[in-house]
Amino acid sequence: MLFSRFGLLLLGALSCSRLASAQQTVAADSQPTSWAKDVVWYQIFVERFSNGDPKNDPTPQTMQPAFEAPPGWRITPWAHNWYEPEPWAKQAKLSWGDELGLRRYGGDLQGVINKLDYLRDLGVSALYLNPLNDAPSLHKYDARNYHHIDVTFGPDPAGDQRIIASENPADPSTWKWTSADKLFLKLVEEAHRRNMKVVLDYSWNHTGVGFWAWQDILKKQKASSFADWYQITSFDNPATPASEFAYQGWANLASLPEIRKTNITTERKSGRPYEGNLSEGAKQHIYAVTKRWLAPDGDIGKGIDGYRLDVADQIPMGFWRDYRTYVKGIKPDAYLVGEIWWEEWPDKLMDPVPYVSGDVFDAVMFYQIYRPARNFFANVTESIDAKQFVAELQAEWSRLAKPTRYAMMNVSATHDTPRLLTDFFNPGKYKYQATPRDNAAYKTGRPDTDTHNRVRLYLMHQFTNVGAPHIWNGDELGMWGADDPDCRKPLMWPGIKFESETHNNYQPGAKTYDPVGYNAEHHAFYQKLARIRKNNPVLITGDIEFLTATGKQLSYRRFDKEQQVVVLFNLEKNSRSFKLPVKGRWTNLMHGTFINSDQVDLPPLTGMILRK
């Protein structure tokens, strides 16, 4: 059944009345980075990705000052049952959360380099690396040093610590290249040799308590040269026995002191943009760090290709505008992608428009179109039909200029969400009570066959939709896991024999177990979709038109002057017939078979990608 004319969406067509209400097309010099629409993103959380060099594994000393390892602490074996407490944690009577904060698995940059050919064969063409900056935590958002790669990610942690200690961190002219820094530059070189872009994650909103400037403040208080870098509310009075030192930590976490915001002229409210800037000293340091990775020793050819910018709504818009100008002045085709997410959790997502109007970011992590896709493809309590799904997509796209829609990073799962399979396996609201600590009924075990089928239909949509598809490392291997921290298990690479994992972790009754291991079928499905996207450029640059949107039936075509591809989904309980745009010979791209017709029948819970 053809979708009614009022619901027809031709993205980019000047005659489309919905798009006439979209924001004005941005000026040519403010367009999103041109290569962003072409790529398949792969996000890497290095500590859990692959241990390529066991000699550099973290130690209790490298976890300081934020973490104190208990007696008997060790690197957790890669194949260990995630839900089985470690002996050292049992002995110290640690809570589950405290144990996971102390666990280290030894993932490193050599592990990433070793897997670059795997990523190329998967179809990946851009890497988004979670923070690599030197930091004591497993996630690295608590920087000790912005301008160095974490010492445990490189080949010589002790030697790198000596190099770092020999510098004046406030003076970029004294900065040196550690072995970890050099290995990262090698990773960039090797990725570029395989035609992959590299984007690095940073949070300019806060540091860790081990950060060199913060440590100087702790020692010198108001006399520190960096006293105005942070959101400090009161300094210690040495004339009194008690400490009056107080400051603002991100999300009220004392371990993450916030960089000071200045010249604020509008209300600051989490989840909304506001005007202002950052402390000038911190800002100039951020600029120096930014340039260091974009143009190592002044050579942009050896540098990274952009930045993913954490908690972007916490940072004033004045800084972001200045930052874009600075970055683009160094490397005009650098990609800037912001994390903007919840305006009011768990129901209202942020409006991306203020951040992608040409003067701030090239794109955002587009959670805004994943949530309705989940509600359409998954069997969830907030289920929507095809007409509602199209309307939600249309509402998001219609307020963005066309180049921005195509440059978006179309995320589904990340380090901050449940894994894709687990998100589909559980029927509750997206990202709400998505751990068994919050909801005892939340399912953490291996998802069932229906879930796998529905996820694969969603993936067919993700790889044929407008914007660049994104893969959270390990999802393609068939991994499952609840929200953070369970989404950060070590990757289940083929050839590693994992311990079975507890299936009913928080539910009553006898323990049952799931076998854990590489899912070759799931991996091959991702490979096929990436190959289809690469071999059919219309899926990258073509317009989109919705053809069918009724009940749980959806079809659309991607088209240009040369080619068209039709994508069809039947999520009904019975077979359904779909009308094709024209009669003729169509190639089924998923199976390499052919159809000679203007109509196709789809069994329940199946999809099809056809090329004319």
Side-chain angles (χ1 to χ4, degrees), residues 21-27 29-33 141 146 201-207 213 226-233 247-253 256-291 306-330 334-345 348-368 396 399-401 403-404 407-409:
S21 65
Q23 65 176 66
Q24 295 293 318
T25 303
V26 294
D29 60 354
S30 299
Q31 295 285 315
T33 300
Y141 286 102
Y146 277 150
D201 190 356
Y202 266 99
S203 178
W204 303 132
N205 179 69
H206 51 264
T207 70
F226 315 106
D228 66 346
W229 280 31
Y230 288 90
Q231 207 81 28
I232 297 171
T233 53
Y247 60 93
Q248 179 63 46
W250 177 72
N252 293 318
L253 294 171
L256 299 173
E258 273 204 21
I259 301 295
R260 188 167 69 91
K261 314 309 188 288
T262 63
N263 302 320
I264 297 175
T265 58
T266 61
E267 180 188 15
R268 181 182 177 185
K269 186 174 181 180
S270 194
R272 296 182 184 177
Y274 69 101
E275 290 299 330
N277 221 303
L278 292 186
S279 166
E280 188 61 25
K283 181 177 179 178
Q284 292 306 315
H285 181 70
I286 289 166
Y287 279 2
V289 174
T290 297
K291 184 176 182 180
Y307 288 96
R308 181 267 187 187
L309 299 158
D310 187 57
V311 293
D313 63 301
Q314 301 297 312
I315 294 177
M317 298 296 278
F319 172 82
W320 285 135
R321 286 189 284 269
D322 292 348
Y323 190 72
R324 178 185 179 89
T325 299
Y326 182 78
V327 168
K328 299 290 184 174
I330 297 169
Y335 181 69
L336 296 177
V337 56
E339 181 205 28
I340 60 124
W341 204 349
W342 297 101
E343 182 173 329
E344 295 176 6
W345 181 84
K348 189 175 183 181
L349 292 163
M350 288 183 66
D351 176 4
V353 170
Y355 296 91
V356 289
S357 296
D359 60 347
V360 179
F361 304 136
D362 296 294
V364 298
M365 300 174 74
F366 213 7
Y367 291 105
Q368 287 81 351
E396 291 298 336
R399 59 187 179 182
L400 304 175
T404 303
M408 286 293 203
M409 181 188 280

Rounded to the nearest 0.5 Å, what separates atom [atom1] in [X] from atom [atom2] in [Y]?
{"X": "Phe366", "Y": "Thr404", "atom1": "CZ", "atom2": "OG1", "result": "9.5 Å"}
{"X": "His285", "Y": "Thr207", "atom1": "NE2", "atom2": "OG1", "result": "9.5 Å"}
{"X": "Ile286", "Y": "Tyr326", "atom1": "CD1", "atom2": "OH", "result": "11.5 Å"}
{"X": "Thr262", "Y": "Asn277", "atom1": "OG1", "atom2": "CG", "result": "5.0 Å"}
{"X": "Trp250", "Y": "Glu258", "atom1": "CH2", "atom2": "CD", "result": "9.5 Å"}
{"X": "Gln31", "Y": "Asp362", "atom1": "CD", "atom2": "CG", "result": "10.0 Å"}

Would you say that [X] contacts [Y] through its side chain, given a criterion of any heavy-atom pair below 4.5 Å between the two side chains?
{"X": "Glu339", "Y": "Val364", "result": "no"}
{"X": "Tyr202", "Y": "Tyr146", "result": "yes"}
{"X": "Leu309", "Y": "Trp320", "result": "yes"}
{"X": "Phe361", "Y": "Tyr307", "result": "no"}
{"X": "Lys261", "Y": "Leu278", "result": "yes"}
{"X": "Ser30", "Y": "Asp359", "result": "no"}
{"X": "Arg268", "Y": "Tyr274", "result": "yes"}
{"X": "Trp204", "Y": "Val289", "result": "yes"}

Of all heavy-atom pairs between [X] and [Y], which one has the smallest distance, and what is that distance?
{"X": "Asp228", "Y": "Ser279", "result": "O-OG, 2.8 Å"}
{"X": "Ser203", "Y": "Val311", "result": "OG-CG2, 3.9 Å"}
{"X": "Asp313", "Y": "Ile340", "result": "N-CG2, 4.3 Å"}
{"X": "Ala282", "Y": "Ile259", "result": "CB-CG2, 3.8 Å"}
{"X": "Ala334", "Y": "Val327", "result": "CB-CG1, 3.7 Å"}
{"X": "Met408", "Y": "Pro352", "result": "CE-CB, 4.5 Å"}

Subject >> Residues in side chain to side chain contact (heavy atoms under 4.5 Å, CB included) contact with Trp342, at least two apart in sequence or another chain >> reply: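 Here the qualifying residues are Trp345, Leu349, Arg371, Tyr430, Lys431.
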**OP:** Report the residues that fulfil side chain to side chain contact (heavy atoms under 4.5 Å, CB included) with Glu275, sequence neighbours left out, ordered by chain and then residue number.
**Re:** Thr265, Thr266, Met317, Arg321
Please enumerate all residues that pass salt bridge (Lys or Arg N to Asp or Glu O under 4.0 Å) together with [X], with sequence neighbours excluded.
{"X": "Arg272", "result": "Glu343, Glu344"}
{"X": "Glu396", "result": "Arg399"}
{"X": "Asp310", "result": "Arg308"}

Would you say the side-chain atoms of [X] pair up with the backbone N or O of [Y], donor to acceptor, closer than 3.5 Å?
{"X": "Ser357", "Y": "Val353", "value": "yes"}
{"X": "Asn205", "Y": "Ile315", "value": "no"}
{"X": "Arg324", "Y": "Phe319", "value": "no"}

Subject >> Listed once per pair and sorted, the salt bridge (Lys or Arg N to Asp or Glu O under 4.0 Å) pairs that draw on residues 277-291, sequence neighbours left out >> reply: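 Non-adjacent pairs meeting salt bridge (Lys or Arg N to Asp or Glu O under 4.0 Å): Lys283-Asp322.
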Original post:
Will you find, in the side chains of Gln248 and Thr233, an N or O donor that is under 3.5 Å from an N or O acceptor?
Top reply: no
Original post:
Is the closest side-chain donor-acceptor distance between Thr290 and Tyr323 under 3.5 Å?
Top reply: yes
